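Below is one structure, written out as structure tokens; comments come after it.
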Amino acid sequence: MIKTSAQLRQTFLDFYASKQHQIVPSSSLVPGNDATLLFTNAGMVPFKDVFLGAESRSYTRATSSQRCVRAGGKHNDLENVGYTARHHTFFEMLGNFSFGDYFKEDAIRFAWEFLTVKLALPKEKLLVTVYDSDEEAFAFWRDEIGIPVDKIIRIGDKSPSKKYESDNFWSMGDTGPCGPCSEIFYDHGENIFGGPPGSPDEDGDRFIEIWNLVFMQYNRHADGTMENLPKPSVDTGMGLERISAIMQGVHSNYEIDIFQGLIKDTAELLQCDDLEHKSLRVIADHIRSCSFLIADGVMPSNEGRGYVLRRIIRRAVRHGHKLEAKAHFFHKLVVSLGKQMGEAYPELISQQAVIEKILRIEEEQFGRTLDRGMLLLEDILANLKGDTISGDDTFKLYDTYGFPADLTADIARERQLKVDHNGFDIAMGLQRERAQQASQFGSNYNDQLKSDHNTQFKGYTRNEFSATIVELFNNEASVAELKAGEQGIVILDKTPFYAESGGQAGDQGILHIDDGVFEVLDTTKMGNAFAHKGIARVNVGLNRLVKAEINTERRAAIVKNHTATHLLHAALRSVLGEHVTQKGSLCDAEKLRFDFSHFEGVTAQELQTVERLVNQQIRNNLSRETNLMQIDEAKEKGAMALFGEKYDDEVRVVTLGGFSTELCGGVHVERTGDIGFVKIVSESGIAAGVRRIEAVSGECALAFTEQQGSNLSLIASMVKSDVASMPGKVEQLISRGKQLEKEIQILKQQVAAQAGSDLISDAIDVNGVKVLIADLAGVESKALRGMMDELKNKIGSGIILLGTASDGKVGLIAGVTKDLTGQVKAGDLVNAAAQHVGGKGGGRPDMAQAGGSKPENLPMALDAAKVWLTDQLS
């Protein structure tokens, strides 16, 4: 009997494999071929370019179980997760695809066979929908499959004026491939509310869509006309969680085996007896999306994918907080997820320690702000007029305390309140505008220029050869000629110049023409053409023959740095862990810069180990091998791919001995020994979860090391030592400096205390109580405590308030002798003054301090405190 989710997943793949479909492993949650998507949110996303005709595969039929996330952007189910039976941030989409092979009849036949024969679902429990005018699908369901006409529901356009806008008509965009859909629904029974699709009660839970068959039949043009595709295709999707619920005899997805295992483990961890609690569902869902996102290289951050991940983690932690979690708990559920899904997705096991650590760090960081954020929210709710939390307040919670808007919405929903999402979006938009205005920058060339030419790159083995000019551009358009002295772009039919790509800087050099030269200052890609950007030193015309010659000295420095990044990448993974993935790089003639995913700073010892490992491979003089192979073969060989990048079926694999294997189209040294050596210059964080190493190699590394030696010699002479003894000497000087600072501070406090004691004569009598309120110009804030102790001893019984202003800041301290704390609290007194200088403070009843940011208001603040105190003592 096929029942478990794991069995269903494998049964589906095996069934379609028996129908000559290629089983394609799940792609990353980070789409490699669609910059418009935050995450892979449907099974067809990895095949999008195949459907568009921009990519070809070695097969025309495919099947997959694709992991998907819908938690950001247009496809955002986050707010509903945990509150409905079928919304998730993470889900698996079972799919079968035809790329110009079979069409409607086989798609329908395969689906019906799988459901009614392989899974043995009762036919009477199934009904289908078709697009209103799709007579082919309707007839096939009726005549070939034998479904009664009353169980084939036609779904038309949403309105007569909106043709093809229907739940049963799919399109990739306003133009391009599109076509009708046929959906299969399962009837969960009369005991559940809801009507069939197309009825007034269709939003009920009785009839649940389990499979959508999309027939890509047309190409829609900009004017709205539909053209038949020469090779119609099929894209289908069936949610694994939904079909598991049916096969396991339950109604809610949260009742299936995967979720029940996670919910029970979460309940045990949090000592929660109510297994139906909505928060357990939220946490069980969120541990899946968070773990898989991290496994696919996404790190928590404040923007893009990383911010969505951070939101999900924080939402899970907040629901743990609701269940009165006694300690950090979320990261401990990775083990439970591994038990449920590790066999199908072994990365959950191999990366368990990394996933746990990242989740724990995020949970700890958010835990420190959650309580403060909740206090602010409670304050907002206490003063709320009406039933809606304003957009400004929602944004303040997000901007100040890191509360995502959906977290605020969660809490509002629990209290039967609403959130002004539109107001929040406006506030967020204004912030984005401010950020964009602060970071605007320009470009010195027109990046709107396009070329249809395809330049052949011959620079792997040649530094110069003859080529023909096939296109010219000035900064505005394609031209027939560039005049002498004019800046422009030259497109050649073939070139030895490498165009900037994959972090490797573009080449510079010379294009020799009979009567002069074109000086190439940079080379970039312009579609499939290589754009040689520079200055014409002579008139340059189309179809001219040139001798293209790169700057070989500069190229040699660049390729040393490029190969060094491959060694550095492998060394970082060896020392820090396999979670390290490249997030960006720059290799020019002077340095290399390598950005990588890591959840904490790299220690000095780890950096030293990495540097030694890189230089060891350089001394080993590993040979560089370059091979073209199929992408699957490259991955089997262990080739590292760039995070989120898209690759053709055939890829270039660069191998350095047995140490590094990566997919790379760049130029490299012949042997690692050619690099000389590498020196790490710096390591820093550039974003949450992303670190950056800057390093130098070859001659630049030698120059850097020589400069360091010169600096050390100079410092040694300044401290009257030799280089070998310098650390001890510097340590001695630092220690002596700290001691002198302490002595100076003590002297300052003594002087201040003496000055303070002289103030006693300024004390006044307020209703029988001695009161001293003084503005101490020029006294440091940290000296106030010593002065207060001295004054309290002198005054015997009384109340003291001292204030000082320096460097744009205000320091306040209040002291009340113990016999008077029943009448006046020091904290109340100091806050009576602090509110006028933009501050707030606190402390014991007999001693309290505060700060402020408005020194110009200090006299007014002390006067206000005097009035307040007089009132208290009256």
Side-chain angles (χ1 to χ4, degrees), residues 70-73 76-85 87-90 254 263 266-267 269-290 300 302 307-330 333 359 362-428 431:
R70 290 184 182 173
N76 185 356
D77 290 339
L78 190 55
E79 287 187 12
N80 294 315
V81 172
Y83 294 94
T84 68
H87 278 101
H88 306 292
T89 56
F90 174 93
Y254 290 98
I263 286 170
T266 306
L269 190 62
L270 298 179
Q271 299 177 357
C272 174
D273 297 327
D274 180 10
L275 292 179
E276 299 300 316
H277 201 293
K278 293 285 196 294
S279 289
L280 291 177
R281 290 182 169 191
V282 172
I283 294 166
D285 172 273
H286 287 8
I287 192 61
R288 299 210 307 166
S289 53
C290 293
N302 288 327
Y307 177 59
V308 175
L309 171 59
R310 176 163 282 167
R311 288 170 63 197
I312 301 173
I313 294 172
R314 291 184 169 185
R315 190 169 187 262
V317 172
R318 213 280 296 183
H319 279 273
H321 193 265
K322 278 184 65 181
L323 294 174
E324 300 181 356
K326 303 293 188 297
H328 301 310
F329 74 96
F330 193 49
L333 294 172
L359 291 178
E362 275 295 302
E363 190 172 4
E364 288 172 353
Q365 289 175 345
F366 185 52
R368 288 192 286 269
T369 63
L370 180 59
D371 290 337
R372 284 183 293 162
M374 287 298 294
L375 285 173
L376 177 60
L377 179 57
E378 292 295 348
D379 190 46
I380 291 169
L381 296 178
N383 296 293
L384 189 66
K385 293 184 173 120
D387 64 351
T388 303
I389 302 173
S390 74
D392 286 340
D393 282 337
T394 305
F395 180 75
K396 181 180 178 183
L397 282 163
Y398 153 73
D399 197 40
T400 307
Y401 293 99
F403 260 55
D406 49 74
L407 194 154
T408 303
D410 263 1
I411 297 168
R413 187 196 318 226
E414 292 160 8
R415 305 191 189 190
Q416 286 75 54
L417 299 172
K418 293 179 287 188
V419 167
D420 178 10
H421 290 289
N422 187 50
F424 172 82
D425 291 339
I426 291 171
M428 179 68 86
Q431 187 201 50

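These figures come from a predicted structure and were not determined experimentally.
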Which atom of [X] lies closest to which atom of [Y], heavy atoms considered:
| X | Y | answer |
| --- | --- | --- |
| Leu275 | Leu280 | CA-CD1, 3.8 Å |
| Arg315 | Val81 | NH2-O, 3.3 Å |
| Ala409 | His421 | CB-CE1, 4.0 Å |
| Val419 | Thr388 | C-CG2, 4.0 Å |
| Thr89 | Ser289 | OG1-OG, 2.9 Å |
| Phe330 | Cys290 | CE2-SG, 3.9 Å |

Ring geometry between Tyr398 and Phe424 (parallel below 30°, tilted from 30 to 60°, perpendicular above 60°):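 Geometry flag for Tyr398 against Phe424: perpendicular rings.
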Roughly how far apart are [X] [atom1] and [Y] [atom2], rounded to 0.5 Å?
| X | Y | atom1 | atom2 | result |
| --- | --- | --- | --- | --- |
| Lys396 | Leu377 | NZ | CG | 11.5 Å |
| Ile287 | Ile312 | CD1 | CD1 | 11.0 Å |
| Arg281 | His319 | CZ | NE2 | 12.5 Å |
| His286 | Arg311 | NE2 | CZ | 9.5 Å |
| Leu381 | Leu417 | CG | CG | 6.5 Å |
| Gln365 | Arg310 | CD | CZ | 6.0 Å |

Criterion side chain to side chain contact (heavy atoms under 4.5 Å, CB included) on Thr266 and Leu323, from CA distance to verdict: CA-CA 10 Å; Thr266 306; Leu323 294 174; 5.5 Å; no
State, with a plain yes or no, whether a side-chain heavy atom of [X] is found less than 4.5 Å away from one of [Y].
| X | Y | value |
| --- | --- | --- |
| Leu376 | Leu397 | yes |
| Ile283 | Leu270 | yes |
| Arg318 | Lys322 | yes |

Derivation and outcome, side chain to side chain contact (heavy atoms under 4.5 Å, CB included), residues Glu324 and Lys326: CA-CA 6 Å; Glu324 300 181 356; Lys326 303 293 188 297; 4.3 Å; yes
Tyr254 ring center within less than 6.0 Å of His88 ring center: yes
Backbone of Phe329 reached by a side-chain donor or acceptor of Glu363 within 3.5 Å: yes
All pairs passing salt bridge (charged side-chain N to carboxylate O under 4.0 Å, His left out) where residues 381-393 contributes a residue, at least two apart: Asp387-Lys418
